[in-house]
Asker: 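Before I ask anything, here is the structure I am working with.
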Amino acid sequence: MDTQFAITGRDFAISVTDTGVSRSIVKMKHNKDKTWQLTPYTMMTVTGADGDIDPFSEYIQGNVKLYSVRNAQDLTPKEVANFVRGELADALRSRGAYKVNVLVSGYDKTTGEASLYWIDYLAALTRVPFGSHGYPSYIIYSVFDREYKEDITLEEGLGIVQKCINAVQTRFMADMPNFTVKVVDAQGTRAIDIAKA
Amino acid sequence: MEYNGSAIVAMKGKNCVAIATDKRLGQRQMTIDTDFEKVFPITERTYIGLAGLATDVKTLHDRLRMRVNLYKHREERVIEPNTFANLVSHMLYEHRFGSYFVQPVIAGLNKNDQPFICSMDTIGCIDLGGNFIVSGTAAENLYGTCESLWEPDLEPEELFETISQALLNAVDRDAMSGWGAVVRIITPSGIITRDLKSRMD
């Protein structure tokens, strides 16, 4: 019942997740960060089966970091996304498939472009201008389809994100009062304090 | 097989072949992407379209790319469409119990410029077909449109019109496919790639 969605402009990507952790009828935590920083310019948001999120994400995070250490150079967002998909695909038909949905967003310093990759738990990968996982996708995609156009600015992107948050809070049955919003662009990754509805 | 949705068709013409596909990637009834590649070049004159589960489309494409590159290194020549079809068939049958959920369509010209098309089921049974080959969630629809529209010895431009109309009208009746279309005509002198303007629903 977790929300994650992301939207890109030419040179920035905004990544959003809700911050609640619930188990059965109890809200366990209200301020969990579901974003995993992989390089200074690439991050991934992960939702899915409880016991799979941390092992998978830590494994990816560790290996991406290891590449940076070994090669004195970071993986680009496209390379990270393909690595994530490869690991999910290998695990899919083995004894221990990960049931996690991922959005990899990042800024490529060599091309000056931001990108977003949608990866589902079956390891289907596609590059998209905006994307979402989970039940709230039905609401969020409608907002994106209405509001998105090519080459939006960061302010316009944040406006669309706010509309998505408002729509989810109004119409989605599960209570989601808090969201983590992060931006990655030429200056790196930073969290944005977005006003809640 | 119906989880992501797809529609792929290949047709023979006069010294040319065409392969056309939709561009939808869906998650059951929800559309995720309208620019998803399902047809991939294998050599300059052979293309493979992979209909079915998107993750297996990518995995199979990556594996086939590696096998074809290895073939090229060993044999010092590019692979012929007929040989490639057997390669795909063998690879699929290796996973006889635990198969890839894809139904490939192969279209190409052999070294004598003769057209070659075929499709396979999920475990690699080759259907050499005759005039046209269809695959995907809109396969039944495509059988109908192709059977009505196809005729022998179509020139490249005529083949383009025929295959485009066959694809577009078939996917318009299938909820799981459509949302864009791309057609490739393979001729001895080169490839013509065209994006079709289609209904985005």
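To find a chain, count down the sequence lines: A is the first, B the second, and so on, and within it residues start at 1.
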Asker: I'd like to know whether CZ of A/Arg146 has more than 12 heavy-atom contacts from other residues, nucleotides or ligands below 6.0 angstrom.
Answerer: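 Not more than 12 within 6.0 Å, no.
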
Asker: Is A/Asp145 close to chain B through its backbone or its side chain, or both, or neither, when contacts mean heavy atoms under 4.5 Å?
Answerer: neither

Asker: Report the distance from atom OG1 of A/Thr126 to atom CG of B/Asn4, rounding to the nearest 0.5 Å.
Answerer: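 Separation between the atoms: 10.5 Å.
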
Asker: Between atom CD of B/Gln29 and atom OH of A/Tyr138, what is the distance when rounded to the nearest 0.5 Å?
Answerer: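 Here the rounded value is 4.0 Å.
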
Asker: Side chains of B/Ile32 and A/His133: closer than 4.5 Å at any heavy-atom pair?
Answerer: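 Not in contact.
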
Asker: How many angstroms lie between atom CE of B/Met30 and atom OG of A/Ser142, to the nearest 0.5 angstrom?
Answerer: 9.5 Å

Asker: Kindly check if the number of other-residue, nucleotide or ligand heavy atoms within 6.0 Å of CD (A/Glu87) is above 12?
Answerer: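 Buried by this count: over 12 neighbours within 6.0 Å.
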
Asker: Please check if the number of heavy atoms outside A/Tyr135 that lie under 6.0 Å from its OH is greater than 12.
Answerer: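 No - once you tally the heavy atoms of other residues, nucleotides and ligands closer than 6.0 Å, there are 12 at most.
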
Asker: For B/Glu155, I'd like to know if atom CD has over 12 heavy atoms of other residues, nucleotides or ligands within 6.0 Å.
Answerer: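 Count over threshold, so yes.
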
Asker: Taking atom CD of B/Glu147 as the centre, report whether more than 12 heavy atoms of other residues, nucleotides or ligands fall under 6.0 Å from it.
Answerer: no

Asker: Measure A/Arg127 against the heavy atoms of chain B and call it side chain, backbone, both or neither at under 4.5 Å.
Answerer: backbone

Asker: Check whether A/Tyr121 gets within reach of chain B through its side chain, its backbone, both or neither, counting any heavy atom under 4.5 Å.
Answerer: side chain

Asker: In Å and rounded to the nearest 0.5 Å, what is the CH2 to CG distance from A/Trp118 to B/Leu25?
Answerer: 5.5 Å

Asker: Which heavy-atom pair separates A/Leu125 from B/Phe36 by the least distance, and what is that distance?
Answerer: O-CE1, 3.5 Å

Asker: Is B/Thr55 reaching over with its side chain to a backbone N or O of A/Leu122, donor-acceptor style, under 3.5 angstrom?
Answerer: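 Looks like yes, one N/O pair under 3.5 Å.
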
Asker: Side chain, backbone, both or neither: which part of B/Asp35 has a non-hydrogen atom closer than 4.5 Å to chain A?
Answerer: neither

Asker: Show the nearest heavy-atom pair for residues A/Arg93 and B/Gly98, with the distance to one decimal.
Answerer: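 In terms of heavy atoms, the two residues are closest at NH1-O, 3.3 Å.
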
Asker: If you draw a 6.0 Å radius around CD in B/Glu76, do more than 12 non-hydrogen atoms from other residues or ligands fall strictly inside?
Answerer: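 Open: at most 12 neighbouring heavy atoms sit under 6.0 Å from CD of B/Glu76.
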
Asker: Calculate, to the nearest 0.5 Å, the distance between atoms CG and CG belonging to A/Leu92 and B/Leu53 respectively.
Answerer: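 A/Leu92 CG to B/Leu53 CG: 8.0 Å, rounded to 0.5 Å.
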
